[in-house]
There are 2 protein chains.
Amino acid sequence: MDEKDYLNQMIEAGGKDAELTPKQAKILEAAIEIFAERGYASTSTSEIAKKAGVAEGTIFRHYKTKKELLITIVKPVITKFAVPFFATHFVNQVFNEKTADYEELLRKIIRNRFEFAQKNVPLIKILLQEMAFHTEIQQSYQDVFKKEVFPRFDETIKHFQARGQLVNYPSEAIIRFTITTILGFLITRFIVMPKADWNDEAEINRTIHFLMNGLSKGNEERL
Amino acid sequence: MDEKDYLNQMIEAGGKDAELTPKQAKILEAAIEIFAERGYASTSTSEIAKKAGVAEGTIFRHYKTKKELLITIVKPVITKFAVPFFATHFVNQVFNEKTADYEELLRKIIRNRFEFAQKNVPLIKILLQEMAFHTEIQQSYQDVFKKEVFPRFDETIKHFQARGQLVNYPSEAIIRFTITTILGFLITRFIVMPKADWNDEAEINRTIHFLMNGLSKGNEERL
DNA sequence: AATAATAGTGAGTACTCACTCACCATTAAA
DNA sequence: TTTAATGGTGAGTGAGTACTCACTATTATT
(Lines give C-alpha, C1' and ligand atoms only; values in the text may rest on other atoms or scores of the structure.)
Protein backbone atom coordinates (compact mmCIF):
# COMPACT_ATOMS: atom_id res chain seq x y z
CA MET A 1 0.00 0.00 0.00
CA ASP A 2 2.70 2.45 0.99
CA GLU A 3 4.59 2.48 -2.26
CA LYS A 4 6.40 5.71 -1.51
CA ASP A 5 9.05 3.77 0.30
CA TYR A 6 10.07 2.00 -2.87
CA LEU A 7 10.15 5.10 -4.94
CA ASN A 8 12.18 7.20 -2.58
CA GLN A 9 14.85 4.56 -2.79
CA MET A 10 14.83 4.78 -6.56
CA ILE A 11 15.16 8.51 -6.53
CA GLU A 12 18.00 8.60 -4.05
CA ALA A 13 19.91 5.83 -5.74
CA GLY A 14 19.04 6.80 -9.32
CA GLY A 15 21.56 9.59 -9.28
CA LYS A 16 21.25 13.12 -7.93
CA ASP A 17 18.08 14.99 -8.71
CA ALA A 18 16.26 12.32 -10.65
CA GLU A 19 12.66 13.36 -10.28
CA LEU A 20 10.04 10.89 -11.38
CA THR A 21 7.03 11.99 -13.38
CA PRO A 22 3.73 10.53 -12.20
CA LYS A 23 3.72 8.06 -15.08
CA GLN A 24 7.26 6.95 -14.36
CA ALA A 25 6.28 6.32 -10.76
CA LYS A 26 3.24 4.37 -11.91
CA ILE A 27 5.44 2.20 -14.12
CA LEU A 28 7.74 1.37 -11.22
CA GLU A 29 4.85 0.62 -8.89
CA ALA A 30 3.21 -1.65 -11.41
CA ALA A 31 6.43 -3.43 -12.32
CA ILE A 32 7.31 -4.07 -8.67
CA GLU A 33 3.91 -5.49 -7.95
CA ILE A 34 3.78 -7.83 -10.94
CA PHE A 35 7.42 -8.89 -10.79
CA ALA A 36 6.95 -9.88 -7.14
CA GLU A 37 3.79 -11.81 -7.91
CA ARG A 38 4.58 -13.64 -11.12
CA GLY A 39 8.34 -13.26 -11.53
CA TYR A 40 10.34 -11.21 -13.98
CA ALA A 41 10.43 -13.70 -16.83
CA SER A 42 6.69 -14.29 -16.91
CA THR A 43 5.76 -10.63 -16.72
CA SER A 44 5.20 -8.89 -20.06
CA THR A 45 5.86 -5.25 -20.70
CA SER A 46 2.34 -4.89 -22.09
CA GLU A 47 1.01 -6.12 -18.76
CA ILE A 48 3.06 -3.57 -16.86
CA ALA A 49 1.92 -0.79 -19.17
CA LYS A 50 -1.70 -1.78 -18.76
CA LYS A 51 -1.50 -1.87 -14.95
CA ALA A 52 0.37 1.44 -14.88
CA GLY A 53 -2.21 3.08 -17.18
CA VAL A 54 0.47 3.97 -19.69
CA ALA A 55 1.29 3.20 -23.30
CA GLU A 56 3.78 0.39 -23.77
CA GLY A 57 6.14 2.73 -25.55
CA THR A 58 6.39 4.91 -22.47
CA ILE A 59 8.19 2.15 -20.61
CA PHE A 60 10.86 2.02 -23.29
CA ARG A 61 11.21 5.79 -23.31
CA HIS A 62 12.62 5.54 -19.78
CA TYR A 63 14.24 2.09 -19.77
CA LYS A 64 16.09 0.79 -22.79
CA THR A 65 15.12 -2.78 -22.07
CA LYS A 66 12.85 -4.73 -19.77
CA LYS A 67 15.94 -5.93 -17.95
CA GLU A 68 17.09 -2.36 -17.31
CA LEU A 69 13.75 -1.79 -15.60
CA LEU A 70 14.40 -4.80 -13.37
CA ILE A 71 17.90 -3.67 -12.48
CA THR A 72 16.69 -0.16 -11.68
CA ILE A 73 14.25 -1.68 -9.22
CA VAL A 74 16.52 -4.27 -7.65
CA LYS A 75 19.88 -2.58 -7.29
CA PRO A 76 18.93 -0.02 -4.64
CA VAL A 77 17.32 -2.80 -2.60
CA ILE A 78 20.65 -4.55 -2.21
CA THR A 79 22.30 -1.43 -0.87
CA LYS A 80 19.40 -0.47 1.35
CA PHE A 81 19.00 -3.93 2.79
CA ALA A 82 22.61 -4.99 3.19
CA VAL A 83 24.46 -1.86 4.20
CA PRO A 84 22.62 -0.90 7.38
CA PHE A 85 23.14 -4.51 8.38
CA PHE A 86 26.45 -3.11 9.47
CA ALA A 87 26.37 0.61 8.99
CA THR A 88 29.22 2.74 10.22
CA HIS A 89 26.95 4.27 12.76
CA PHE A 90 26.45 0.97 14.56
CA VAL A 91 30.05 -0.08 14.39
CA ASN A 92 31.31 3.18 15.81
CA GLN A 93 28.86 2.89 18.61
CA VAL A 94 30.13 -0.56 19.42
CA PHE A 95 33.74 0.49 19.65
CA ASN A 96 33.09 3.66 21.62
CA GLU A 97 30.62 2.51 24.23
CA LYS A 98 32.29 0.32 26.79
CA THR A 99 29.05 -1.28 27.83
CA ALA A 100 28.16 -2.40 24.33
CA ASP A 101 27.91 -6.12 23.80
CA TYR A 102 27.00 -8.38 20.90
CA GLU A 103 23.46 -8.80 22.16
CA GLU A 104 22.85 -5.09 22.04
CA LEU A 105 24.19 -4.92 18.52
CA LEU A 106 22.04 -7.87 17.45
CA ARG A 107 18.96 -6.24 18.88
CA LYS A 108 19.55 -3.05 16.91
CA ILE A 109 20.23 -4.90 13.68
CA ILE A 110 17.20 -7.14 13.97
CA ARG A 111 14.79 -4.35 14.86
CA ASN A 112 16.15 -2.29 12.02
CA ARG A 113 15.96 -5.00 9.39
CA PHE A 114 12.58 -6.16 10.64
CA GLU A 115 11.09 -2.76 9.91
CA PHE A 116 12.75 -2.58 6.55
CA ALA A 117 11.49 -6.02 5.57
CA GLN A 118 7.99 -5.16 6.74
CA LYS A 119 7.84 -2.14 4.47
CA ASN A 120 9.43 -3.75 1.43
CA VAL A 121 8.12 -7.28 1.07
CA PRO A 122 7.60 -7.15 -2.72
CA LEU A 123 11.06 -5.75 -3.33
CA ILE A 124 12.67 -8.44 -1.20
CA LYS A 125 10.71 -11.11 -3.02
CA ILE A 126 11.97 -9.83 -6.35
CA LEU A 127 15.54 -9.68 -5.09
CA LEU A 128 15.46 -13.23 -3.72
CA GLN A 129 13.90 -14.61 -6.90
CA GLU A 130 15.92 -12.84 -9.55
CA MET A 131 19.32 -12.93 -7.87
CA ALA A 132 19.65 -16.53 -9.02
CA PHE A 133 19.42 -15.68 -12.71
CA HIS A 134 20.98 -12.28 -13.34
CA THR A 135 24.72 -11.86 -13.06
CA GLU A 136 24.37 -8.07 -12.75
CA ILE A 137 22.42 -8.53 -9.53
CA GLN A 138 24.88 -11.13 -8.21
CA GLN A 139 27.75 -8.78 -8.95
CA SER A 140 26.08 -5.90 -7.22
CA TYR A 141 25.37 -8.06 -4.19
CA GLN A 142 28.93 -9.35 -4.00
CA ASP A 143 30.38 -5.86 -4.23
CA VAL A 144 28.23 -4.62 -1.40
CA PHE A 145 28.78 -7.64 0.79
CA LYS A 146 32.53 -7.88 0.31
CA LYS A 147 33.25 -4.16 0.58
CA GLU A 148 30.64 -2.91 3.00
CA VAL A 149 29.19 -5.66 5.12
CA PHE A 150 31.83 -8.33 5.60
CA PRO A 151 34.84 -6.22 6.69
CA ARG A 152 32.91 -4.36 9.38
CA PHE A 153 31.15 -7.47 10.57
CA ASP A 154 34.44 -9.34 10.72
CA GLU A 155 36.11 -6.59 12.69
CA THR A 156 33.27 -6.38 15.16
CA ILE A 157 33.22 -10.09 15.82
CA LYS A 158 36.94 -10.25 16.41
CA HIS A 159 36.53 -7.35 18.82
CA PHE A 160 34.03 -9.30 20.90
CA GLN A 161 36.02 -12.51 20.64
CA ALA A 162 39.07 -10.71 22.00
CA ARG A 163 36.95 -9.61 24.94
CA GLY A 164 35.87 -13.18 25.55
CA GLN A 165 32.22 -12.52 24.78
CA LEU A 166 31.95 -14.68 21.68
CA VAL A 167 32.79 -18.29 21.02
CA ASN A 168 36.01 -18.99 19.13
CA TYR A 169 34.52 -20.12 15.84
CA PRO A 170 36.08 -18.63 12.71
CA SER A 171 34.39 -15.27 12.31
CA GLU A 172 32.97 -16.41 8.95
CA ALA A 173 31.01 -19.06 10.79
CA ILE A 174 29.66 -16.58 13.33
CA ILE A 175 28.67 -14.25 10.51
CA ARG A 176 26.95 -17.11 8.72
CA PHE A 177 25.00 -18.23 11.79
CA THR A 178 23.97 -14.67 12.55
CA ILE A 179 22.82 -13.80 9.06
CA THR A 180 21.22 -17.19 8.50
CA THR A 181 19.21 -16.92 11.71
CA ILE A 182 18.07 -13.37 11.07
CA LEU A 183 17.21 -13.97 7.42
CA GLY A 184 15.55 -17.24 8.33
CA PHE A 185 13.33 -15.40 10.76
CA LEU A 186 12.49 -12.54 8.39
CA ILE A 187 11.82 -14.81 5.41
CA THR A 188 9.62 -17.09 7.51
CA ARG A 189 7.86 -14.10 9.03
CA PHE A 190 7.16 -12.12 5.84
CA ILE A 191 7.38 -14.52 2.93
CA VAL A 192 6.81 -18.14 3.91
CA MET A 193 4.17 -17.67 6.61
CA PRO A 194 3.08 -14.03 6.56
CA LYS A 195 -0.47 -14.94 7.55
CA ALA A 196 0.29 -16.83 10.74
CA ASP A 197 -0.47 -14.77 13.84
CA TRP A 198 2.95 -13.74 15.02
CA ASN A 199 3.88 -12.25 18.35
CA ASP A 200 6.62 -10.17 16.85
CA GLU A 201 8.09 -8.86 20.09
CA ALA A 202 8.39 -12.31 21.60
CA GLU A 203 9.76 -13.76 18.40
CA ILE A 204 12.42 -11.10 18.03
CA ASN A 205 13.50 -11.64 21.63
CA ARG A 206 13.62 -15.39 21.17
CA THR A 207 15.69 -15.04 18.04
CA ILE A 208 18.24 -12.85 19.84
CA HIS A 209 18.19 -15.20 22.78
CA PHE A 210 18.79 -18.25 20.59
CA LEU A 211 21.64 -16.56 18.78
CA MET A 212 23.29 -15.38 21.96
CA ASN A 213 23.11 -18.82 23.55
CA GLY A 214 24.52 -20.37 20.42
CA LEU A 215 27.39 -17.93 20.12
CA SER A 216 28.33 -16.94 23.67
CA LYS A 217 31.67 -17.90 25.13
CA GLY A 218 31.21 -20.26 28.02
CA ASN A 219 28.52 -22.38 26.45
CA GLU A 220 31.08 -24.28 24.46
CA GLU A 221 31.39 -28.02 24.86
CA ARG A 222 34.25 -29.33 22.77
CA LEU A 223 36.12 -28.09 19.67
CA MET B 1 27.08 -35.66 -13.58
CA ASP B 2 25.35 -38.44 -11.71
CA GLU B 3 21.89 -37.89 -13.08
CA LYS B 4 20.63 -41.35 -12.16
CA ASP B 5 19.69 -40.05 -8.75
CA TYR B 6 17.12 -37.71 -10.22
CA LEU B 7 15.60 -40.28 -12.47
CA ASN B 8 15.23 -43.00 -9.90
CA GLN B 9 13.17 -40.59 -7.91
CA MET B 10 10.90 -39.95 -10.85
CA ILE B 11 10.41 -43.62 -11.49
CA GLU B 12 9.62 -44.50 -7.92
CA ALA B 13 7.27 -41.58 -7.43
CA GLY B 14 5.78 -41.62 -10.91
CA GLY B 15 3.54 -44.52 -10.05
CA LYS B 16 4.32 -48.22 -9.98
CA ASP B 17 6.31 -49.60 -12.85
CA ALA B 18 6.76 -46.44 -14.86
CA GLU B 19 9.77 -47.29 -16.96
CA LEU B 20 11.38 -44.45 -18.83
CA THR B 21 12.51 -44.86 -22.40
CA PRO B 22 15.98 -43.48 -23.11
CA LYS B 23 14.48 -40.42 -24.78
CA GLN B 24 12.16 -39.76 -21.87
CA ALA B 25 15.12 -39.88 -19.52
CA LYS B 26 17.03 -37.50 -21.78
CA ILE B 27 14.13 -35.06 -21.69
CA LEU B 28 14.07 -35.06 -17.88
CA GLU B 29 17.83 -34.66 -17.64
CA ALA B 30 17.82 -31.76 -20.06
CA ALA B 31 14.83 -30.07 -18.44
CA ILE B 32 16.34 -30.34 -14.95
CA GLU B 33 19.61 -28.87 -16.10
CA ILE B 34 18.13 -25.91 -17.97
CA PHE B 35 15.37 -25.19 -15.45
CA ALA B 36 17.99 -25.00 -12.71
CA GLU B 37 20.21 -22.74 -14.73
CA ARG B 38 17.81 -20.28 -16.34
CA GLY B 39 14.53 -20.84 -14.52
CA TYR B 40 11.30 -22.43 -15.69
CA ALA B 41 9.75 -19.35 -17.28
CA SER B 42 12.75 -18.50 -19.41
CA THR B 43 13.33 -22.03 -20.62
CA SER B 44 11.70 -22.94 -23.93
CA THR B 45 10.51 -26.39 -24.84
CA SER B 46 12.50 -26.17 -28.08
CA GLU B 47 15.63 -25.63 -26.01
CA ILE B 48 14.89 -28.68 -23.90
CA ALA B 49 14.21 -30.77 -26.99
CA LYS B 50 17.45 -29.64 -28.58
CA LYS B 51 19.54 -30.43 -25.51
CA ALA B 52 17.82 -33.79 -25.08
CA GLY B 53 18.41 -34.69 -28.74
CA VAL B 54 14.71 -35.18 -29.33
CA ALA B 55 11.97 -33.66 -31.47
CA GLU B 56 9.93 -31.00 -29.73
CA GLY B 57 6.79 -33.04 -30.26
CA THR B 58 8.25 -35.88 -28.24
CA ILE B 59 8.10 -33.76 -25.09
CA PHE B 60 4.39 -33.22 -25.57
CA ARG B 61 3.83 -36.91 -26.25
CA HIS B 62 4.79 -37.57 -22.61
CA TYR B 63 3.75 -34.35 -20.86
CA LYS B 64 0.55 -32.55 -21.79
CA THR B 65 2.05 -29.15 -20.98
CA LYS B 66 5.38 -27.60 -20.13
CA LYS B 67 4.06 -27.08 -16.61
CA GLU B 68 3.26 -30.77 -16.24
CA LEU B 69 6.89 -31.47 -17.00
CA LEU B 70 7.93 -29.09 -14.23
CA ILE B 71 5.57 -30.64 -11.71
CA THR B 72 6.75 -34.15 -12.60
CA ILE B 73 10.26 -33.04 -11.81
CA VAL B 74 9.59 -31.04 -8.66
CA LYS B 75 6.96 -33.01 -6.77
CA PRO B 76 9.11 -36.01 -5.86
CA VAL B 77 11.82 -33.66 -4.62
CA ILE B 78 9.52 -32.30 -1.94
CA THR B 79 8.76 -35.75 -0.63
CA LYS B 80 12.33 -36.98 -0.87
CA PHE B 81 13.77 -33.91 0.78
CA ALA B 82 11.22 -33.24 3.49
CA VAL B 83 10.10 -36.65 4.66
CA PRO B 84 13.38 -38.18 5.80
CA PHE B 85 13.87 -34.95 7.71
CA PHE B 86 11.76 -36.82 10.21
CA ALA B 87 11.24 -40.32 8.98
CA THR B 88 9.55 -42.87 11.17
CA HIS B 89 12.76 -44.80 11.42
CA PHE B 90 14.49 -41.96 13.22
CA VAL B 91 11.61 -41.13 15.49
CA ASN B 92 11.18 -44.70 16.60
CA GLN B 93 14.83 -44.87 17.36
CA VAL B 94 14.57 -41.79 19.51
CA PHE B 95 11.72 -43.12 21.63
CA ASN B 96 13.20 -46.56 22.05
CA GLU B 97 16.79 -45.86 22.85
CA LYS B 98 17.17 -44.42 26.29
CA THR B 99 20.51 -42.86 25.50
CA ALA B 100 19.20 -40.93 22.50
CA ASP B 101 19.37 -37.16 22.76
CA TYR B 102 18.55 -34.24 20.48
CA GLU B 103 22.16 -33.85 19.43
CA GLU B 104 22.31 -37.40 18.15
CA LEU B 105 19.11 -36.86 16.21
CA LEU B 106 20.41 -33.60 14.75
CA ARG B 107 23.60 -35.28 13.66
CA LYS B 108 21.72 -37.98 11.79
CA ILE B 109 19.39 -35.52 10.12
CA ILE B 110 22.15 -33.16 9.03
CA ARG B 111 24.39 -35.90 7.66
CA ASN B 112 21.46 -37.37 5.83
CA ARG B 113 20.23 -34.14 4.30
CA PHE B 114 23.77 -33.01 3.49
CA GLU B 115 24.28 -36.05 1.29
CA PHE B 116 20.92 -35.60 -0.34
CA ALA B 117 21.61 -31.95 -1.09
CA GLN B 118 25.05 -32.78 -2.45
CA LYS B 119 23.58 -35.21 -4.96
CA ASN B 120 20.61 -33.07 -6.00
CA VAL B 121 21.72 -29.47 -6.27
CA PRO B 122 19.88 -28.70 -9.52
CA LEU B 123 16.62 -30.18 -8.25
CA ILE B 124 16.81 -28.16 -5.06
CA LYS B 125 17.51 -25.00 -7.03
CA ILE B 126 14.43 -25.60 -9.14
CA LEU B 127 12.30 -26.28 -6.08
CA LEU B 128 13.46 -23.13 -4.29
CA GLN B 129 12.93 -20.97 -7.36
CA GLU B 130 9.60 -22.24 -8.59
CA MET B 131 7.88 -22.77 -5.27
CA ALA B 132 7.22 -19.04 -5.16
CA PHE B 133 5.13 -19.03 -8.33
CA HIS B 134 3.24 -22.30 -8.63
CA THR B 135 0.39 -23.07 -6.28
CA GLU B 136 0.57 -26.78 -7.09
CA ILE B 137 4.07 -26.91 -5.66
CA GLN B 138 3.10 -24.87 -2.61
CA GLN B 139 0.17 -27.18 -1.98
CA SER B 140 2.32 -30.27 -2.28
CA TYR B 141 4.86 -28.78 0.11
CA GLN B 142 2.24 -27.83 2.67
CA ASP B 143 0.67 -31.27 2.58
CA VAL B 144 3.97 -32.96 3.20
CA PHE B 145 5.07 -30.56 5.91
CA LYS B 146 1.79 -30.50 7.83
CA LYS B 147 1.09 -34.21 7.62
CA GLU B 148 4.53 -35.80 7.65
CA VAL B 149 7.16 -33.49 9.05
CA PHE B 150 5.55 -31.21 11.59
CA PRO B 151 3.63 -33.72 13.75
CA ARG B 152 6.64 -36.00 14.26
CA PHE B 153 8.99 -33.12 14.81
CA ASP B 154 6.60 -31.57 17.31
CA GLU B 155 6.23 -34.81 19.21
CA THR B 156 9.95 -35.36 19.37
CA ILE B 157 10.68 -31.91 20.67
CA LYS B 158 8.07 -32.17 23.40
CA HIS B 159 9.61 -35.48 24.35
CA PHE B 160 13.00 -33.87 24.87
CA GLN B 161 11.52 -30.84 26.59
CA ALA B 162 9.78 -33.12 29.07
CA ARG B 163 13.13 -34.71 29.82
CA GLY B 164 14.64 -31.30 30.44
CA GLN B 165 17.03 -31.49 27.50
CA LEU B 166 15.56 -28.67 25.46
CA VAL B 167 14.76 -25.09 26.25
CA ASN B 168 11.12 -24.20 26.88
CA TYR B 169 10.44 -22.27 23.69
CA PRO B 170 7.20 -23.12 21.91
CA SER B 171 8.05 -26.18 19.84
CA GLU B 172 7.26 -24.21 16.64
CA ALA B 173 10.13 -21.91 17.48
CA ILE B 174 12.54 -24.79 18.08
CA ILE B 175 11.46 -26.34 14.79
CA ARG B 176 11.97 -23.04 13.04
CA PHE B 177 15.46 -22.50 14.47
CA THR B 178 16.47 -26.05 13.66
CA ILE B 179 15.22 -26.02 10.08
CA THR B 180 16.43 -22.49 9.46
CA THR B 181 19.93 -23.31 10.67
CA ILE B 182 20.19 -26.53 8.71
CA LEU B 183 18.72 -25.07 5.51
CA GLY B 184 20.85 -21.97 5.95
CA PHE B 185 23.95 -24.13 6.09
CA LEU B 186 22.98 -26.33 3.13
CA ILE B 187 21.93 -23.40 0.94
CA THR B 188 25.11 -21.48 1.75
CA ARG B 189 27.21 -24.59 1.20
CA PHE B 190 25.71 -25.76 -2.10
CA ILE B 191 23.98 -22.79 -3.69
CA VAL B 192 25.29 -19.44 -2.47
CA MET B 193 28.98 -20.31 -2.07
CA PRO B 194 29.54 -23.77 -3.55
CA LYS B 195 33.04 -22.84 -4.72
CA ALA B 196 34.47 -21.75 -1.39
CA ASP B 197 36.77 -24.39 0.09
CA TRP B 198 34.66 -25.90 2.81
CA ASN B 199 35.80 -28.18 5.58
CA ASP B 200 32.54 -30.07 5.60
CA GLU B 201 33.22 -32.18 8.69
CA ALA B 202 34.15 -29.17 10.79
CA GLU B 203 31.23 -27.16 9.47
CA ILE B 204 28.70 -29.88 10.19
CA ASN B 205 30.02 -30.22 13.72
CA ARG B 206 29.93 -26.49 14.26
CA THR B 207 26.38 -26.29 13.02
CA ILE B 208 25.27 -29.01 15.43
CA HIS B 209 27.23 -27.37 18.19
CA PHE B 210 25.68 -23.96 17.55
CA LEU B 211 22.18 -25.42 17.48
CA MET B 212 22.70 -27.40 20.68
CA ASN B 213 24.05 -24.40 22.55
CA GLY B 214 21.17 -22.31 21.32
CA LEU B 215 18.51 -24.83 22.26
CA SER B 216 19.81 -26.66 25.31
CA LYS B 217 18.10 -26.32 28.66
CA GLY B 218 20.41 -24.67 31.12
CA ASN B 219 21.77 -22.05 28.77
CA GLU B 220 18.68 -19.96 29.23
CA GLU B 221 19.00 -16.48 30.59
CA ARG B 222 15.59 -14.93 31.12
CA LEU B 223 12.03 -15.19 29.71
C1' DA C 1 6.90 34.06 -30.47
C1' DA C 2 10.14 30.67 -31.98
C1' DT C 3 12.94 26.78 -30.74
C1' DA C 4 14.21 22.90 -28.50
C1' DA C 5 13.98 19.48 -25.40
C1' DT C 6 11.41 16.09 -22.92
C1' DA C 7 7.29 13.00 -22.05
C1' DG C 8 3.95 10.23 -23.98
C1' DT C 9 1.66 7.54 -27.66
C1' DG C 10 0.12 3.17 -30.11
C1' DA C 11 0.22 0.85 -34.41
C1' DG C 12 3.66 -1.87 -36.43
C1' DT C 13 7.69 -5.45 -36.76
C1' DA C 14 10.26 -9.48 -36.57
C1' DC C 15 10.45 -13.12 -33.85
C1' DT C 16 9.64 -16.73 -30.30
C1' DC C 17 6.51 -19.33 -27.73
C1' DA C 18 3.82 -23.60 -26.30
C1' DC C 19 1.35 -26.73 -28.44
C1' DT C 20 -0.94 -29.65 -32.54
C1' DC C 21 -1.32 -33.05 -35.92
C1' DA C 22 -0.81 -36.07 -39.68
C1' DC C 23 2.46 -39.26 -40.50
C1' DC C 24 6.30 -43.06 -39.88
C1' DA C 25 8.64 -47.04 -37.02
C1' DT C 26 8.70 -50.65 -33.80
C1' DT C 27 6.94 -53.87 -30.96
C1' DA C 28 2.98 -56.81 -28.96
C1' DA C 29 -1.38 -58.95 -29.16
C1' DA C 30 -5.03 -61.19 -32.00
C1' DT D 1 -0.48 -61.58 -41.19
C1' DT D 2 -3.43 -58.19 -39.64
C1' DT D 3 -4.44 -54.95 -35.94
C1' DA D 4 -3.48 -52.07 -32.39
C1' DA D 5 -0.91 -49.64 -29.33
C1' DT D 6 2.93 -46.87 -28.17
C1' DG D 7 6.99 -43.92 -29.14
C1' DG D 8 8.87 -40.55 -32.03
C1' DT D 9 8.80 -36.85 -35.60
C1' DG D 10 8.99 -31.88 -37.38
C1' DA D 11 6.60 -28.62 -40.18
C1' DG D 12 2.84 -25.73 -39.06
C1' DT D 13 -0.18 -22.36 -36.16
C1' DG D 14 -1.96 -18.54 -33.74
C1' DA D 15 -1.08 -16.01 -29.78
C1' DG D 16 1.88 -13.53 -27.75
C1' DT D 17 6.74 -11.18 -27.07
C1' DA D 18 10.16 -7.15 -26.49
C1' DC D 19 11.10 -3.39 -28.76
C1' DT D 20 10.81 0.62 -32.62
C1' DC D 21 9.42 4.74 -34.67
C1' DA D 22 7.07 8.49 -36.59
C1' DC D 23 4.21 11.35 -34.47
C1' DT D 24 1.66 14.67 -30.95
C1' DA D 25 1.51 17.41 -26.40
C1' DT D 26 3.65 19.86 -22.97
C1' DT D 27 6.93 22.49 -20.82
C1' DA D 28 11.41 25.34 -20.59
C1' DT D 29 14.69 28.35 -22.88
C1' DT D 30 16.00 31.93 -25.91
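Labels below follow one simple rule: chain letters A, B, ... track the order of the sequence lines, proteins then strands, and each chain is numbered from 1.
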Ion pair [X]/[Y], N-O distance below 4.0 Å:
{"X": "A:Arg206", "Y": "A:Glu203", "result": "yes"}
{"X": "B:Lys51", "Y": "B:Glu47", "result": "no"}
{"X": "B:Lys119", "Y": "B:Glu115", "result": "no"}
{"X": "B:Arg111", "Y": "B:Glu201", "result": "yes"}

Query raised in the report: What are the two closest heavy atoms between B:Leu211 and B:Phe177, and how far apart are they?
Result: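 Here B:Leu211 and B:Phe177 meet closest at CD2-O, 3.9 Å.
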
Could you tell me how far apart [X] ([atom1]) and [N] ([atom2]) are, to the nearest whole angstrom?
{"X": "A:Tyr63", "N": "D:dT20", "atom1": "OH", "atom2": "P", "answer": "16 Å"}
{"X": "B:Lys50", "N": "D:dG10", "atom1": "NZ", "atom2": "C1'", "answer": "15 Å"}
{"X": "A:Lys67", "N": "D:dC19", "atom1": "NZ", "atom2": "C1'", "answer": "16 Å"}
{"X": "B:Leu28", "N": "D:dG7", "atom1": "CG", "atom2": "P", "answer": "14 Å"}
{"X": "B:Lys64", "N": "C:dC21", "atom1": "NZ", "atom2": "C1'", "answer": "18 Å"}
{"X": "B:Leu70", "N": "C:dA18", "atom1": "CG", "atom2": "P", "answer": "12 Å"}
{"X": "A:Arg61", "N": "C:dA5", "atom1": "CZ", "atom2": "C1'", "answer": "11 Å"}
{"X": "B:Leu20", "N": "D:dT6", "atom1": "CG", "atom2": "P", "answer": "16 Å"}

Query raised in the report: Do B:Lys80's NZ or CZ and the ring of B:Phe116 fall within the cation-pi criteria of under 6.0 Å and 45°?
Result: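 Here B:Lys80 fails the 6.0 Å and 45° test against B:Phe116.
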
Examine the side chains of [X] and [Y] and answer whether a donor and an acceptor come within less than 3.5 Å of each other.
{"X": "B:Tyr169", "Y": "A:His209", "result": "yes"}
{"X": "A:Thr45", "Y": "A:Glu56", "result": "yes"}
{"X": "A:Gln139", "Y": "A:Asp143", "result": "yes"}

Query raised in the report: When we call it a touch if two heavy atoms are under 4.0 Å apart, what does B:Thr21 touch: a base, just sugar-phosphate, or nothing?
Result: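 Touches sugar-phosphate only.
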
Report task. Verify the contact: side-chain N or O of B:His62 to OP1 or OP2 of D:dG8, cut-off strictly under 4.0 Å; return yes or no. Result -> yes

Query raised in the report: Within the pair A:Thr58 and C:dT9, is there a side-chain N or O less than 4.0 Å away from OP1 or OP2?
Result: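 Yes, A:Thr58 has a side-chain N/O under 4.0 Å of OP1/OP2 on C:dT9.
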
Collect all protein-nucleotide pairs involving nucleotides 26-29 of chain C in which both atoms are nitrogen or oxygen and the distance is under 3.5 Å.
none

Could you run down the sub-3.5 Å N/O contacts of the protein with nucleotides 14-18 of chain D?
{"residue": "D:dA18", "atom": "OP1", "partner": "A:Thr43", "partner atom": "O", "Å": "3.2"}
{"residue": "D:dA18", "atom": "OP1", "partner": "A:Thr45", "partner atom": "N", "Å": "3.4"}
{"residue": "D:dA18", "atom": "OP1", "partner": "A:Lys66", "partner atom": "NZ", "Å": "3.2"}
{"residue": "D:dA18", "atom": "OP2", "partner": "A:Thr45", "partner atom": "N", "Å": "2.9"}
{"residue": "D:dA18", "atom": "OP2", "partner": "A:Thr45", "partner atom": "OG1", "Å": "2.9"}

